[in-house]
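Right, one structure below, let's go through it.
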Amino acid sequence: MVKHSAILTLFFSFALSLSVQAGVKVDEAAPDFELVNEAGKTVKLSDYQGKYVVLEWTNHLCPYVKKHYESGNMPNLQSKYTDKDVVWLQVISSAEGKQGYVEAEEAVALNKERQAAPSHVLFDPEGDVGKLYGAKTTPHMYIINPEGELKYAGAIDSIKSADPADIEKATNYVDTGLTSLMAGGEVENKLTPPYGCSVKYKS
Amino acid sequence: MNLASANTSATGPHIEVSIHSENQSWQPGSEQWIGILLEPEDEWHTYWQNPGDSGEAPTINWSSDAELQFGHIQWPIPKAIPVAHLVNYGYEGANLLMVPVQVPENLNQDNITIDASLSWLVCKEDCIPGWADLSLTLPVQQQSQPSTSKPLFDDQRQSLPQSQALEGKYEITEEHISIAFTAPVASNWTVFPIRSDVIQHNQIQQAIADGTQFTSVIPLSDYFVKSDDALQFLVSDGETGYYLTTQANSMVPATIETSETSSLWLLVVMAFVGGLILNIMPCVLPVLSFKALSLSEQTMSLSKKLGYLIGVLFSFNVFAVLIIALKESGNAVGWGFHMQEPAVIVALCFLFVYITLTLLDIGPTGAKFAGVGQSLIKGDSFISQFFTGVLAAIVASPCTAPFMAAALGVALLSDNISAFVIFNALAIGFALPMTLLIVSKTFRNRLPKPGPWMNTFKVFLAFPMLATVVWLVWVFLGQSNGSAQFVLMMALLLFALLLWIASVSRGWWQNVMQVSALGFVVFATYISASVTPNDNATDNTASFEQAYSPAALAELKQNNQVVLVNMTADWCITCKVNEQVAFADQQVQSVLQSSTVNYMVGDWTNKNTEILEFLQQYQRSGVPLYVIYAGDSYEQVLPQILTADIVIEAINQAKKEINHG
């Protein structure tokens with residue numbers, strides 16, 4: 001089976017378990033989690049069974065997040081869908097001392113200033129929920145349906161850039177995804193590579 | 001952050017950018033090089049065309065007041081830059097993004113102005129995007145003069161990938177992609193995908209090098225969508241780099257067309273033509289030429305005339321029955337299976353040496369044992385014609401004519417009736433030329449007239465016979481070893497010597513010689529049955545593994561045994577990786593060799609229904625597939641990418657199950 005003459009070199013040892021990869025899979029149950037919100041209350045994903053839930057990983061100092069907030073793109077989306085009874089959860093996984101880390105008060109002020117309208121801001125400084133969902137970048141978007149199944153994970157839109165001028169040209173995956181789901185359809189691209197800044201995890 | 005200046009350089013946070021031309025003046029009708037130099041601060045980096053997990057490649061939009069054609073960016077070889085838990089591909093330190101420019105012939109202006117609208121992202125852990133408009137004006141002259149930036153271009157060319165493009169294959173398993181290619185030199189290659197959604201950038205690339213043959217196994221990106229598209233990579237060892245285009249490895253076994261009724265006719269024709277061609281193969285031609293030339297003019301009865309044809313048909317049908325019987329009993333046989341038997345090879349060696357001697361007139365004539373053979377094939381009786389046919393079929397057996405392999409391959413795979421039809425078509429094709437000569441005077445008259453030249457020709461014919469012996473002795477080496485081959489050649493030489501002595505002797509002495517010669521044949525054939533195979537023999541299957549068969553597996557399971565089934569194929573990259581890594585491990589080898597573990601290998605290199613059925617039981621359409629059983633009650637499917645630990649752990653688990661059960 002093994003060639004006797006072959007000079008065989010194994011350059012790397014191999015580890016299967018190194019992955020920080022997402023444990024989540026689209027079309028499967030989204031794992032439940034608990035985080036504290038801006039009012040100091042504990043929010044559980046399972047509290048929102050029966051509603052569409054959007055998870056948005058964010059970091060207000062990230063240029064890609066700024067692109068979507070300063071242009072009004074993200075606040076508009078939040079208003080559009082929270083009006084339709086969608087639960088929009090802004091998640092901040094930046095660890096203390098890292099870019100994007102904020103206390104509750106500052107988060108509220110920021111959202112007010114940016115006219116953002118998420119249902120809750122959730123703080124994940126330990127990064128557990130971010131890693132549970134495999135959140136890689138800010139923004140990194142997830143859509144969960146009323147049955148609790150993950151229906152979309154990936155980029156906010158189709159053009160990978162920090163230039164606000166690209167927003168109009170791009171297809172917004174969260175918008176098209178929610179529209180299609182609410183009309184009883186399926187999401188066209190259920191899984192897209194997210195783009196943006198890396199999530200500033202504790203480790 | 002946003003810089004809108006018509007300058008040759010600009011400064012953004014943590015980065016300086018500038019535009020450069022290799023030449024300070026441009027010549028109409030030439031190719032020129034222009035570039036954007038990105039100079040991030042220490043510890044900050046910019047990106048390659050695929051930025052990896054995060055980040056963004058710089059973009060350049062070119063425009064000019066002249067009709068210039070701008071080529072693509074020549075990306076320098078990137079580095080994998082770990083940032084927290086992610087991996088990016090890019091450049092730490094200054095990097096020049098070079099672009100070739102075609103300057104038109106009919107340029108009617110004194111100066112050319114080139115504008116570059118640039119965007120970039122510069123990152124440490126945090127990232128800062130930037131934009132700038134850079135501009136450069138160059139005089140048009142009949143001669144291009146190097147600019148002060150020329151050394152920048154010369155330096156950067158050193159770190160561009162080589163122009164030689166490599167080709168390879170990729171294979172997708174459940175969670176991994178295996179990429180295999182032959183590199184120009186052996187090195188430790190890192191794979192950089194051009195697309196961002198192929199591999200998990202932050203995972204270890206498992207590399208297996210076998211000389212310049214390189215295979216890399218990398219966890220597959222969550223965003224990868226399987227298709228048959230070619231995938232592009234850059235491979236680099238940190239010094240040099242090559243672009244690599246890989247095609248999807250077709251995970252389908254080689255299919256031999258099974259015989260539909262329509263194609264059966266084609267195969268019959270092929271077998272017939274193959275049979276005709278067999279007549280002129282070196283092993284057959286001398287025997288038949290000799291026979292043809294010695295055909296007597298006297299008229300024969302029809303039965304005698306057809307003796308040869310019947311002899312050939314008889315031999316081929318015996319052969320077909322033998323093969324089908326072996327196949328039915330579950331043996332994997334092919335045409336030429338008898339050639340895998342050293343004893344058969346040795347016996348054929350002696351036969352061909354004997355024919356050679358006869359052709360050289362050295363062989364004993366008219367003597368007892370040899371005379372029997374002689375009288376059987378010489379002369380015009382039915383029996384002699386019949387045995388000429390049998391002898392022709394035997395001497396033909398080592399020579400596989402080109403058309404025969406495919407036709408007989410199918411004959412062996414198809415139903416028994418088709419097999420017989422194909423074998424008989426072959427036999428008729430083979431027997432036809434000689435039968436025509438025997439039956440028809442017209443054909444016989446076309447033969448050259450007998451005369452003294454026949455003796456010369458006969459001696460010449462001895463040489464193709466010897467060539468066949470040489471080939472057979474070489475085949476024998478593959479099945480035995482150097483000393484056994486030497487013994488065989490000595491035996492052949494002494495056999496020839498004894499027959500020669502017999503031919504020049506008289507009385508009892510002649511008999512002694514002949515009996516001794518025969519003794520050699522029997523002795524050599526006998527000992528060759530027990531020769532030990534050469535280490536370099538092509539068949540290097542480890543002795544502790546057995547070929548997969550559903551019946552054997554069922555029996556082992558019933559007997560409460562631990563069985564590891566490995567479904568593999570020669571064309572399967574991942575299978576080879578596992579065999580070179582996990583199965584080659586000393587510990588795994590010793591576990592598999594132990595008497596408590598049965599190791600079964602199914603080779604799916606060629607189409608095999610039993611293996612396909614096994615794969616389908618596990619909802620698989622291809623290999624690799626590893627399943628471990630502990631008796632009838634326990635089974636575990638192992639991952640498609642194995643490590644020694646996974647195999648050993650799974651075997652230990654199975655052993656535990658046996659003990660508990």
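Just so you know, these numbers use all the heavy atoms, side chains as well, and skip hydrogens, waters and symmetry mates.
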Can you name the nearest heavy-atom pair linking B:Asp222 to A:Leu191, along with the distance?
->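 So the minimum-distance heavy-atom pair works out to O-CD2, 2.7 Å.
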Say you draw a straight line from [atom1] of [X] to [atom2] of [Y]; how long is it, rounded to the nearest 0.5 Å?
X	Y	atom1	atom2	answer
B:Ser54	A:His140	OG	NE2	12.0 Å
A:Lys136	B:Gln200	NZ	CD	6.0 Å
B:Ile128	A:Cys62	CD1	SG	11.0 Å
B:Cys127	A:Asn59	SG	CG	10.0 Å
B:Thr59	A:Lys160	OG1	NZ	13.0 Å
B:Glu125	A:Lys200	CD	NZ	5.0 Å

Does [atom1] in [X] sit with more than 12 non-hydrogen atoms of other residues, nucleotides or ligands closer than 6.0 Å?
X	atom1	answer
A:Glu186	CD	yes
B:Gln587	CD	no
B:Glu174	CD	yes
A:Gln115	CD	no
A:Glu147	CD	yes
A:Glu149	CD	yes

Closest-packed option against chain A by number of heavy-atom pairs under 4.5 Å, given B:Val225, B:Leu121, B:Val83 =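 Going by pairs under 4.5 Å, I would pick B:Leu121.
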Considering residues at least two apart in sequence or located in another chain, which fulfil the side chain to side chain donor-acceptor pair (under 3.5 Å) criterion with B:Ser178?
->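 B:Ser178: side chain to side chain donor-acceptor pair (under 3.5 Å) contacts with B:Thr574.
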Return the option, out of A:Thr137, A:Thr192, A:Asn189, with the maximum number of heavy-atom pairs under 4.5 Å with chain B.
->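 Heavy-atom pair counts peak at A:Thr192.
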Is the shortest heavy-atom distance from the side chain of A:Pro194 to the side chain of B:Tyr223 under 4.5 Å?
->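 In short, these two side chains touch, coming nearer than 4.5 Å.
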Can you tell which part of A:Lys98 gets under 4.5 Å to a heavy atom of chain B, answering side chain, backbone, both or neither?
->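 Just its side chain gets close to chain B.
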